[in-house]
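So the structure is just underneath, and the comments pick up after that.
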Amino acid sequence: MPDWHALAAIFAVGAVCDAMRAGGFLAASVLPARGLLARLLRLAPGNLFIAFAAAGILPGGWPSLIGCAAAVATMAATRREWAALGADFGAVGLAAALL
């Protein structure tokens with residue numbers, strides 16, 4: 001593919017991305033600031049995170065679930081990401097060895 005084709009493709013993808021972002025800002029500007037819809041939209045990032053985490057934990061079985069629980073508990077207790085990550089790896093390794 002010639003270089004100008006690649007540049008045109010990059011430009012087109014960038015233009016579409018900017019147009020979608022602008023459309024999102026315009027759509028968000030007409031939504032009400034209060035009410036049920038606003039509350040649901042504020043909760044959406046947490047719900048999406050839980051959905052992605054559940055999709056990753058499910059194939060791993062019990063060791064993944066135990067590791068995730070250990071990471072959440074450590075994070076709640078210490079507020080340190082590295083401690084939670086270490087607890088996660090340790091719990092998964094221990095659970096995988098025992099189960």
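Remember, predicted model here, so these are calculated numbers, not experimental data.
With contacts defined as side-chain heavy-atom distances shorter than 4.5 Å, the pair Leu58/Leu65 does not qualify.
In terms of heavy-atom proximity, Gly67 sits nearest to Val92 at CA-CG2, 3.6 Å. Scanning both residues, Pro59 and Gly56, for their nearest heavy atoms gives CD-O, 3.5 Å. The two atoms that bring Ala70 and Ala91 nearest to each other are CB-CB, 3.6 Å, heavy atoms only. What you find for Ala95 and Pro63 is that their closest heavy atoms are CB-CA, 3.8 Å. Of all heavy-atom pairs spanning Ala27 and Val30, the tightest one is O-CG2, 3.1 Å. When every heavy atom of Ala38 is checked against every heavy atom of Pro32, the shortest pair comes out as CB-O, 3.6 Å.
Rounded to the nearest 0.5 angstrom, Asp18 CG and Met20 CE are separated by 11.0 Å. To the nearest 0.5 Å, the span separating CE on Met75 from CD on Glu81 amounts to 4.0 Å. Remark: Arg42 CZ to Leu37 CG distance equals 10.0 Å, nearest 0.5 Å.
Exactly one residue among Ile57, Leu99, Leu98 makes a side-chain contact (heavy atoms from CB on, under 4.5 Å) with Trp62. That residue is Leu99.
Under a hydrophobic-cluster definition in which Ile, Leu, Val, Met, Phe, Trp and Tyr are linked whenever side-chain heavy atoms come within less than 4.5 Å, directly or via other members, Phe49 and Val72 are assigned to different clusters.
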